[in-house]
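Have a look at the structure below before the remarks.
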Amino acid sequence: IIKNEPQEYSPDEERIIRTGKEFYEKCKGIEKINKVANPDSRVEMNIVHVDGESLATGSATAVVDASVEECAAYQIVDLDSRETNRRNNGVTFRKVVKINSHSVYAITTRELGFF
């Protein structure tokens with residue numbers, strides 16, 4: 001359930017949010033963005049790698065007929081579902097760690113063959 005109330009973030013959460021935003025801004029300026037093939041023609045997928053970084057960042061874009069809250073709730077519920085854990089979808093590693101009532105780490109590793 002998504003609570004419609006102000007959230008208080010720990011200093012560590014504030015740092016993580018700031019670092020993520022900085023990395024996102026750095027990625028926006030990169031011109032070399034690789035398109036990722038996927039089976040759904042309604043979804044555009046991209047991946048970008050910042051030189052010198054050990055990680056790549058991916059994005060998927062689609063038009064969804066739902067509110068932001070509905071999309072987030074679906075994603076949170078799907079993270080721990082048996083169906084998600086059963087199907088592979090190219091995931092080589094998956095871990096979900098609940099941090100607190102408004103934060104989870106959802107970590108997946110995939111072999112994309114780009115680097």
- Would you say V97 and F93 are hydrophobically clustered, going by side-chain heavy atoms of ILVMFWY under 4.5 Å? yes
- Side chain E13, main chain S10, donor-acceptor under 3.5 Å: yes
- Item | Rounded distance [0.5 Å steps], CD1 in I16 versus NZ in K21 | 13.5 Å
- Pair E70-S67, side-chain donor/acceptor within less than 3.5 Å: yes
- Measure the NZ-CG distance between K35 and N46 for me, rounded to the nearest 0.5 Å. 4.5 Å
